Amino acid sequence: MSKKVYIETYGCQMNVADSEVVMSILLKAGYESTDNINEAGLILINTCSIRDNAEQRIWGRLTAISHLKKRNNELKIGIIGCMAERLKEKLIETDQLVDIVVGPDAYRELPLLVNEAEAGHKAVNVLLSREETYADISPVRMDKNGVSSFVSIMRGCNNMCAYCVVPYVRGAERSRNPGSIVKETRELFEKGYREVTLLGQNVDSYKWTNDNENIGFAKLLEKIASIDPLLRVRFSTSHPKDISDDLLHTIARHDNICKHIHLPAQSGSSRILKLMNREYTREWYMDRVDAIRTIVPQCALSTDMITGFCTETEEDHKESLSLMEWAGFDFAYMFKYSQRPGTKAARKFKDDVPETIKSERLSEMISLQNKVSAKSKKKDVGKVFEVLIEGSSKRSSEHLSGRTSQNKVVVFPKDDHDKGEYVRVNIERSTSATLIGKITGQ
Ligand code: SAH
Ligand code: SF4
Ligand code: F3S
């Protein structure tokens, strides 16, 4: 009987895409996948280190599953991904439950490492690579809807944002061969998928040189968009210092490139941005937003923000709020600064904003963003949007749910439509998270 593997994924979309690569490697080695943790012979936890609370969650999870090991002493538990890379052997020393530790560039070694663990040795491989992109591996899709999927186009990061652990746990930036990206996307389309999200920490620095051709991100995006007009293309994340007008024109030219850009500002204060080593100013960020508004007028915009970075004053914080109001972000992910060991900020600056102030600033930011998001949704009422149906609405099986090109969730009565189809929906009202409407013939 083949051994069953269960994978649990935390962190960003990259980790979701990586878990699909890991599953593919293990199936090839003879494993079987299961959704039921209780019947697994191998449990892998794909982890995130971005903030301290992300790691605390994993420790909590390990405690929560410790009873499974008492019940089945054959069971092996592996920690993979970013926290594996950051803590290495220390993970095993801290928690005896862990048998296997594998970093993000060593997944090809997993079958070997599991064998080692089965022979009774603790198995660790956290080598980072300058080349690994898993380009030749066809990920085993683990999404539930069969409509939208992630495709990784690069790995690692060469920026050194002072607060960020990613360059340490994911290694140097490398781009994936465009031929393999097009092939994987075409296969997804042929299987019925209608949306892909191209993933990289900084997609604007995608770079590939063939014998006679330089392929940057704008060109890659164009290649993917040309696969079929019925395939929607999204991408994440854009870096404000690198996003080019060339890319914006490409987005404007293709109906099936979604009109949504995730452009993390992090802060609205040029002084803080400098300390963060983001390599742009408030004015530069505003100039890029102006360019988006001019070249792609229907584009939605979202951001990530950090409150309470080292030395942040009330005035700096107010500048973040005013930038958010000015930009009118449709959506924002907002975080309290969390010091990460080994980063530049941890080595050079004091984490000097008290926890209570970080929290106060975060709640102030969240309530401002709630107002800004509500305003952006109100503006959509009375308009008609093309919606890609993703499945039944969570609340009612008589309703379907999908998204607009701008990435806003729309719920509407089912009629005789199904997931994977495009429909035109007239928006009648909005709630805090959703647009609500009816399918229209127009
Ligand atoms: N590559 C992307 C972001 C990846 S991490 C980019 O450059 O935008 C996702 C988000 O987590 C970041 O945008 C940032 O807002 C947040 N983040 C990263 N490190 C953090 C830290 N130490 N404390 C709090 N938030 C952090
Ligand atoms: Fe981290 Fe900056 Fe790289 Fe994003 S661009 S992953 S925030 S170092
Ligand atoms: Fe992603 Fe977390 Fe790693 S955000 S890259 S899973 S540290």
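The structure displayed is predicted, hence computed values, not measured ones. Sequential numbering from 1 along the given sequence is applied to the chain's residues. We count ligands from 1, going down the list as the structure has it; atoms in each ligand are counted the same way.
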Please list, in number order, the atoms of ligand 2 under 4.0 Å from a heavy atom of [X].
X: Cys161; answer: 2 (Fe), 5 (S), 7 (S), 8 (S)
X: Pro167; answer: 8 (S)
X: Cys164; answer: 1 (Fe), 6 (S), 7 (S), 8 (S)
X: Arg278; answer: 2 (Fe), 7 (S)

In terms of residue, atom name and distance, what is the protein heavy atom nearest to [atom]?
atom: atom 1 (Fe) of ligand 3; answer: Cys12 SG, 2.3 Å
atom: atom 6 (S) of ligand 3; answer: Asn15 ND2, 3.3 Å
atom: atom 7 (S) of ligand 3; answer: Ser49 N, 3.3 Å
atom: atom 3 (Fe) of ligand 2; answer: Cys157 SG, 2.3 Å

Q) Can you find an N or O of Thr237 that's nearer than 3.5 Å to an N or O of ligand 1? A)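 N/O-N/O distance under 3.5 Å: no.
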Q) Does an N or O anywhere in Asp304 fall below 3.5 Å from an N or O of ligand 1? A)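 Right, the criterion is met.
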Q) Which ligand 3 atoms does Cys82 reach within 4.0 Å, using its non-hydrogen atoms? A) 3 (Fe), 5 (S), 6 (S), 7 (S)
Q | Atom indices of ligand 3, in the order listed, that fall short of 4.0 Å to a heavy atom of Gln201 | A | 5 (S)
Q: Please identify which atoms of ligand 1 are closer than 4.0 Å to at least one heavy atom of Lys336.
A: 23 (N), 24 (C)
Q. For ligand 1, which atoms, with element, lie under 4.0 Å from some heavy atom of Arg51?
A. 11 (O), 16 (C), 17 (N), 23 (N), 24 (C), 25 (N), 26 (C)
Q | Contact summary for Cys82 and Cys48, nearest pair of heavy atoms | A | CB-CA, 4.2 Å
Q) Which heavy-atom pair separates Asp105 from Tyr134 by the least distance, and what is that distance? A) C-OH, 3.2 Å
Q: Under 4.0 Å, heavy atoms only, figure out whether ligand 2 is touched by the backbone of Pro264, its side chain, both or neither.
A: neither
Q | Part of Asn159 with heavy atoms under 4.0 Å of ligand 2, whether side chain, backbone, both or neither | A |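 Both backbone and side chain of Asn159 come within 4.0 Å of ligand 2.
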Can [X] and [Y] be counted as an ion pair, charged N to O under 4.0 angstrom?
X: Arg194; Y: Glu390; value: no
X: Lys274; Y: Glu279; value: no
X: Arg186; Y: Asp228; value: no
X: Asp18; Y: Arg155; value: yes
X: Lys371; Y: Glu325; value: no
X: Glu132; Y: Arg174; value: no

Proximity to ligand 1 by part of [X], non-hydrogen separation under 4.0 Å:
X: Thr343; value: neither
X: Phe335; value: side chain
X: Gln201; value: both

Q) What orientation do Tyr333 and Phe331 show, parallel under 30°, tilted 30 to 60°, or perpendicular over 60°? A)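 Geometry flag for Phe331 against Tyr333: perpendicular rings.
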Q: Between Gln266, His262, Arg278, flag the one that comes closest to atom 7 (O) of ligand 1 by a heavy atom.
A: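 Comparing heavy atoms across Gln266, His262, Arg278, the nearest one to atom 7 (O) of ligand 1 lies in Arg278.
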Q: Decide, counting backbone as well as side-chain atoms, whether Cys48 has an N, O or S atom less than 2.8 Å from atom 1 (Fe) of ligand 3.
A: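 Given the 2.8 Å cut-off, Cys48 does not count as a ligand of atom 1 (Fe) of ligand 3.
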Q) Would you say Met14 touches ligand 3, if touching means a heavy atom closer than 4.0 Å? A) no
(Q) Taking a cutoff of less than 4.0 Å between a non-hydrogen atom of the residue and any ligand atom, is Lys358 in contact with ligand 1? (A)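 The answer is no: ligand 1 sits nowhere under 4.0 Å from a heavy atom of Lys358.
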(Q) If we ignore hydrogens and angles and just use 3.5 Å, is the side chain of Asn159 paired with the main-chain N or O of Cys161 as donor and acceptor? (A)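 Here the side-chain-to-backbone pair does not exist.
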